[in-house]
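Below is one structure; the comments refer to it alone.
For reference, positions follow the sequence shown, starting with 1. Atoms considered below: every heavy atom in the structure, side chains included; atoms not considered: hydrogens, waters and symmetry mates.
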Amino acid sequence: MRRAPLWIVVAVVASLAGASCSAVPWGRREEVATRPPPSPELKPRITDFMATAYSDQGTTASGHEAQEGIVAADPKVLPLGSRIRVHDAGKYSGVYRVKDTGGKIDGHEIDIFIADDAEAKRFGKKRVKVEVLSEGTDRR
């Protein structure tokens with residue numbers, strides 16, 4: 001049995017290796033390489049905050065009635081309408097909507113609405129992490 005010349009063997013192996021390693025057809029390589037990187041806006045923003053709780057009934061700064069699922073925040077940090085996820089707040093960790101501002105809220109602080117006054121007082125003051133899911137537009 002005759003052996004093929006070495007240059008033919010090398011050429012066949014190289015062409016097979018190139019074809020099996022390429023997941024994208026040769027003509028499309030430039031298109032794939034020039035796709036823009038993912039937008040940095042899509043990355044969640046997680047920041048340290050100090051959390052307290054309040055139970056005052058009434059109308060919030062956004063014009064809505066105070067109810068479970070809302071927080072007060074400094075509108076320069078978290079504008080009204082923002083959706084946030086609170087971490088490390090025990091059973092009060094979860095998703096909230098910023099619908100209030102609060103007179104004593106300044107900077108990286110949130111005030112979680114808890115309807116029961118005694119429960120709000122028991123909440124005390126906690127260091128939490130706040131993840132911004134969507135930013136509101138009202139920076140009063």
Donor-acceptor under 3.5 Å (Glu109 side chain, Asp106 main chain): yes
Distance-minimising heavy-atom pair for Ala72 and Ile105: O-CD1, 4.2 Å
Qualifying salt bridge (charged side-chain N to carboxylate O under 4.0 Å, His left out) pairs with a residue from residues 77-86, counting only residues at least two apart or across chains: Arg85-Glu131
Derivation and outcome, side-chain contact (heavy atoms from CB on, under 4.5 Å), residues Asp111 and Val71: CA-CA 5 Å; Asp111 210 1; Val71 298; over 6 Å; no
Residues forming a side chain to side chain contact (heavy atoms under 4.5 Å, CB included) with Ala89, sequence neighbours excluded: Val86, Tyr92, Ser93, Phe123, Val128
Side-chain donor/acceptor of Glu68 to backbone N/O of Ile114, under 3.5 Å: no
Asp48/Lys129 under salt bridge (Lys or Arg N to Asp or Glu O under 4.0 Å): CA gap, chis, key distance, verdict: CA-CA 5 Å; Asp48 292 325; Lys129 297 215 180 280; 2.5 Å; yes
Side-chain touch Leu133/Ile84, heavy atoms, less than 4.5 angstrom: no
Side chain Asp100, main chain Thr60, donor-acceptor under 3.5 Å: no
Closest approach of Gln57 to Phe113 (non-hydrogen atoms, all atoms of both residues): NE2-CZ, 3.6 Å
Smallest separation among heavy atoms of Pro79 and Val77, with atom names: CD-O, 3.8 Å
hydrophobic_cluster_shared for Ile112 and Leu80, side chain cutoff 4.5 Å: yes
Nearest heavy-atom neighbours spanning Ser134 and Arg97: OG-NH1, 4.4 Å
Any side-chain heavy-atom pair of Met50 and Lys125 under 4.5 Å: yes
Residue pair Ala73 / Val98: nearest heavy atoms and the distance that separates them: CB-CG1, 3.9 Å
Test: Lys126 and Asp88 ion pair at under 4.0 Å: no
Of all pairs that satisfy salt bridge (charged side-chain N to carboxylate O under 4.0 Å, His left out), the ones with a partner from residues 52-67, not counting sequence neighbours: none
Gly107 to Asp74 - nearest heavy-atom pair and separation: N-OD2, 2.8 Å
